[in-house]
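The structure under discussion appears below in the form of structure tokens.
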Amino acid sequence: MDAVIKTGGKQYRVKEGLHLKVEKVDGEPGDTVEFDQVLMVGSGSEVKVGAPFVEGAKVTATVTAQGRHKKIRVLKFKRRKHHMKQMGHRQAFTELEITSITA
């Protein structure tokens, strides 16, 4: 069974047993997280599409890790003006394992 969930302003297509990294979700490794913003649920030709969410559907996942991505470097540079500014950013993420999908 497949599902499309919304979390962190993004949409993810998930299946049971899938490992994925999403925007930071509160929880320690080993905790269970439920997503109730399910946009689509189905398998094969039986598909339920929500308007905007499917009622009664939820996806359960287990938090496997919390971490931060590699640093992204941003460089602002103006030629001939003797101006250069360098910044960096590390985005936090949560690694999840999808355990169940209920319609």
Side-chain angles (χ1 to χ4, degrees):
M1 181 176 284
D2 292 353
V4 176
I5 61 171
K6 180 181 172 186
T7 179
K10 297 180 179 77
Q11 298 174 3
Y12 298 94
R13 182 177 179 186
V14 297
K15 292 183 179 182
E16 289 185 18
L18 181 73
H19 291 270
L20 75 150
K21 291 182 181 179
V22 298
E23 297 290 323
K24 184 162 172 44
V25 177
D26 292 333
E28 296 294 320
D31 289 352
T32 302
V33 180
E34 289 185 352
F35 298 102
D36 57 348
Q37 292 187 341
V38 180
L39 301 169
M40 186 202 79
V41 173
S43 63
S45 62
E46 299 177 18
V47 176
K48 292 182 188 175
V49 178
F53 305 117
V54 178
E55 289 187 31
K58 65 181 171 182
V59 174
T60 307
T62 304
V63 177
T64 55
Q66 297 279 9
R68 290 171 65 179
H69 288 287
K70 293 177 96 172
K71 182 175 266 193
I72 296 172
R73 299 214 180 260
V74 179
L75 181 69
K76 292 188 177 183
F77 179 79
K78 295 192 187 289
R79 65 186 189 141
R80 298 188 309 262
K81 305 297 182 198
H82 196 47
H83 175 76
M84 186 168 67
K85 184 177 183 181
Q86 184 173 0
M87 295 171 285
H89 176 74
R90 289 185 70 186
Q91 185 67 36
F93 69 86
T94 302
E95 189 172 334
L96 300 172
E97 179 183 2
I98 305 301
T99 55
S100 69
I101 299 172
T102 57

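Everything numeric here is computed off the predicted structure, so don't read it as measured data.
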### Query
Does His69 have any ring-ring contact (aromatic ring centres under 6.0 Å, His included) partners at least two apart in sequence or in another chain, and if so, which?
Phe93
### Query
Considering only heavy atoms from C-beta outward, does the side chain of His89 approach that of Gln91 to under 4.5 Å?
yes
### Residue pair Thr94 / Glu23: nearest heavy atoms and the distance that separates them
OG1-O, 4.0 Å
### Task
Tell me whether Tyr12 is reachable from Val25 by hopping between hydrophobic residues (I, L, V, M, F, W, Y) whose side-chain heavy atoms are closer than 4.5 Å.
yes
### Task
Considering non-hydrogen atoms only, spot the tightest contact between Ala65 and Pro29 and give its length.
CA-CG, 4.4 Å
### Query
In Å, rounded to the nearest 0.5 Å, how long is the span from OG1 of Thr62 to CD of Glu97?
6.0 Å
### Query
Does the Thr99 side chain pair with the main chain of Thr60, one donor and one acceptor, at a distance under 3.5 Å?
yes
### Query
Does Leu96 share a hydrophobic cluster with Met1, counting links as ILVMFWY side-chain heavy atoms below 4.5 Å and allowing steps through other members?
yes
### Summary
Value for CG (Leu20) from CD1 (Ile5), rounded to nearest 0.5 Å, stands at 6.5 Å
### Message
Using a 6.0 Å cut-off, check whether atom NZ of Lys24 has over 12 heavy atoms from anything other than its own residue.
### Response
yes
### Query
Would you call Lys15 and Ile98 a side-chain contact if the rule is heavy atoms closer than 4.5 Å?
no
#### Entry: Partner residues of Arg90 under the side-chain hydrogen bond (donor to acceptor under 3.5 Å, both in side chains) criterion, sequence neighbours left out
none
### Task
Write down the atom of Val63, the atom of Gly27, and the distance for their closest heavy-atom approach.
CG1-O, 4.2 Å
### Query
Near Met87 CE, under 6.0 Å, is it more than 12 heavy atoms from other residues, nucleotides or ligands?
yes
Which donor-acceptor pairs under 3.5 Å do the side chains of residues 31-55 make with protein atoms, sequence neighbours left out?
from: Asp31; atom 1: OD2; to: Glu28; atom 2: N; distance (Å): 2.8

### Residue pair Lys10 / Val22, side-chain heavy-atom distance below 4.5 Å
no
